[in-house]
Amino acid sequence: MLDIQLLRSDKEAVIKRLNQRNEDFTERIEAVLTADQKRREVLQKVEQLKMARNQLSKSVGEAKQRGEDVNAILARVEDSKSEIQSLEKEAIHAEETIREILLRIPNMPHLKAPLGTSENDNVEIKTVGNKPVFKFPPKAHWDLAVERDFLDFERAAKISTSRFVIYKNDGARLERALIQFMMDMHADKGYQELMLPYLVNATSMTATGQFPKFKEDAFEVKDDRELYLNPTAEVPGINIYRDEILKGEDLPLKYAAFTTAFRQEAGSAGRDTRGIIRQHQFNKVELLKFSKPEDSYAELDDMLAASEAILIALKLPYRVIELCTGDIGFAMAKTYDIEVYLPAYEDYREIGSISNAEDYQARRGNIRFKRTSDAKPEFVHTLNGSGLAVGRTWIAIVENFQNEDGSITVPDVLVPYLKKTVI
RNA sequence: GGAGGAAUACCCAAGUCUGGCUGAAGGGAUCGGUCUUGAAAACCGACAGGGCGGGAAACCGUCGCGGGGGUUCGAAUCCCUCUUCCUCCGCCA
């Protein structure tokens with residue numbers, strides 16, 4: 001959520017930055033400010049009336065103790081009652097208006113984020129490693145893995161629906177090894193390990209920015225408690241400290257969480273239908289940070305490095321791009337995407353996304369910290385990044401390290417986990 | 001699933017039946033001081049935190065006793081509702 005104080009004091013700058021997202025926010029911002037003006041006016045009146053009422057009520061008690069007649073005072077209080085009620089209703093209404101609009105306004109892109117309207121304007125930061133050269137026609141994972149009995153799409157569809165898969169044999173083992181390997185790497189870098197709830201409530205989804213705007217992407221559980229399947233560990237992870245005040249000396253807090261993520265992929269019908277690149281259910285290792293504002297961009301770079309370290313260790317070719325203002329996610333100010341090279345697509349595909357939400361999620365979730373025990377609370381900055389998408393890493397290994405006989409050479413760092421050099 | 005009980009400030013804990021100088025006794029922790037060579041102990045002092053609004057600021061107002069709603073001139077206290085935790089029984093990995 002945007003800072004309404006900033007809106008009041010520097011409306012034009014906010015609109016200018018928001019509009020870099022290739023959408024016009026002018027009307028919505030004006031509507032917020034109108035409601036805000038109204039709210040403050042009404043609030044001042046209400047509070048004045050309440051002060052008078054409180055004083056009179058107090059004098060009722062005092063008068064009664066002295067045994068005096070209180071009817072005259074009671075009559076005076078009665079007068080203000082309905083006025084307080086109706087004004088209060090107006091204030092609440094204005095507040096709801098503000099909140100409803102603000103919850104649907106995205107974060108402002110970082111001042112230095114590259115300007116652009118679509119993914120075509122994203123900026124390549126670097127390319128690492130070389131694309132593989134094959135002396136035979138390489139196979140796509142959806143062919144190769146099925147032939148090797150590592151994946152079974154048809155029976156998964158029978159059990160569940162399309163966009164689900166069964167991992168089998170060394171295929172399943174590779175997925176498990178990758179999870180273990182990634183978590184171990186991050187633990188070595190000081191990320192605390194988490195295992196999080198897979199069902200989250202609407203309040204949590206709202207704090208991180210999935211709701212209200214992207215509700216159709218979530219799987220809702222049929223239950224009167226209104227729960228949703230975890231769409232990314234960012235949701236349960238960032239919400240750990242919702243409505244809390246952290247100690248400045250504890251920051252930054254760094255977490256690594258493996259979760260299985262569930263997404264409707266509502267807007268992607270018909271896209272990436274082959275293979276496991278886009279599934280309703282997928283495994284992901286997520287990195288999370290709660291940081292002081294002044295440190296958050298250094299922490300973002302550090303997080304990017306932690307994600308890259310996985311690909312470097314696995315010797316997979318990848319590139320890093322910075323998203324342009326038109327492509328940055330709703331809650332984020334700055335985002336790097338890591339893309340791994342996949343022979344079947346003859347292209348780089350996203351395998352991780354590393355973002356700084358600055359104080360946007362912290363405001364929505366009321367996550368604060370105090371620099372010292374007597375300091376005013378401030379909002380933390382929240383960061384999250386993939387470290388990495390396990391299924392897509394799996395694809396990258398199978399496709400990039402395939403041999404002519406259909407076997408797959410296991411990256412050295414995974415050999416201790418798989419206890420094999422070839423699968 | 002059944003039957004009970006609880007939620008008060010950083011922690012513990014009174015107050016709730018019987019509504020009104022109780023925004024909240026007391027203890028612990030913490031911070032500052034006295035004493036001490038230093039420390040401990042003892043003693044003295046400080047101590048909700050926070051949201052919102054006004055103000056240049058000092059400060060003022062408002063809200064606030066798990067959340068939300070209600071009754072009342074007035075609610076920690078009465079009523080409704082939700083959430084969470086605990087105990088016992090049943091079921092269960």
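The chains referred to below are lettered A, B, ... by the order of the sequence lines, with proteins before strands, and numbering in each begins at 1. Side-chain atoms are counted along with the backbone in the values below, which use heavy atoms only and exclude waters and symmetry mates.
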Any A:K370 side-chain N or O less than 4.0 Å from OP1/OP2 of B:rG50: yes
Using Watson-Crick or G-U wobble pairs with both distances under 3.5 Å, give me RNA chain B in dot-bracket, 5' to 3', with [ ] for crossers and | for pairs to another strand. ((((((((.[[[..)....(.....]]].(((((.......)))))...(((((....)))))..[[[[[..)....]]]]])))))))....
What does A:R368 touch in the nucleic acid at a heavy-atom separation under 4.0 angstrom: a base, only the sugar-phosphate, or nothing? sugar-phosphate
Whole-Å distance between B:rC73 C1' and A:K58 NZ? 15 Å
Decide yes or no for A:I367 and A:I238: does some side-chain heavy atom of the first lie under 4.5 Å from some side-chain heavy atom of the second? yes
Using a 4.0 Å heavy-atom cut-off, does A:N54 contact any base of the nucleic acid, only the sugar-phosphate backbone, or nothing at all? sugar-phosphate
Please give me every residue in residues 33-49 of chain A whose heavy atoms get under 4.0 Å of an atom in RNA chain B, ordered by residue number. A:R39, A:R40, A:L43, A:Q44, A:E47
Are A:R53 and B:rC63 close enough that a side-chain N or O sits under 4.0 Å from OP1 or OP2? yes
ring-ring contact (aromatic ring centres under 6.0 Å, His included) contacts in which one or both residues fall within residues 246-272 of chain A, not counting sequence neighbours: none
C1' gap between B:rU72 and B:rU83, integer Å: 27 Å
Could you check whether A:R363 gets within reach of a base, just the sugar-phosphate, or nothing at all, counting any heavy atom under 4.0 Å? nothing
What does A:K376 touch in the nucleic acid at a heavy-atom separation under 4.0 angstrom: a base, only the sugar-phosphate, or nothing? sugar-phosphate
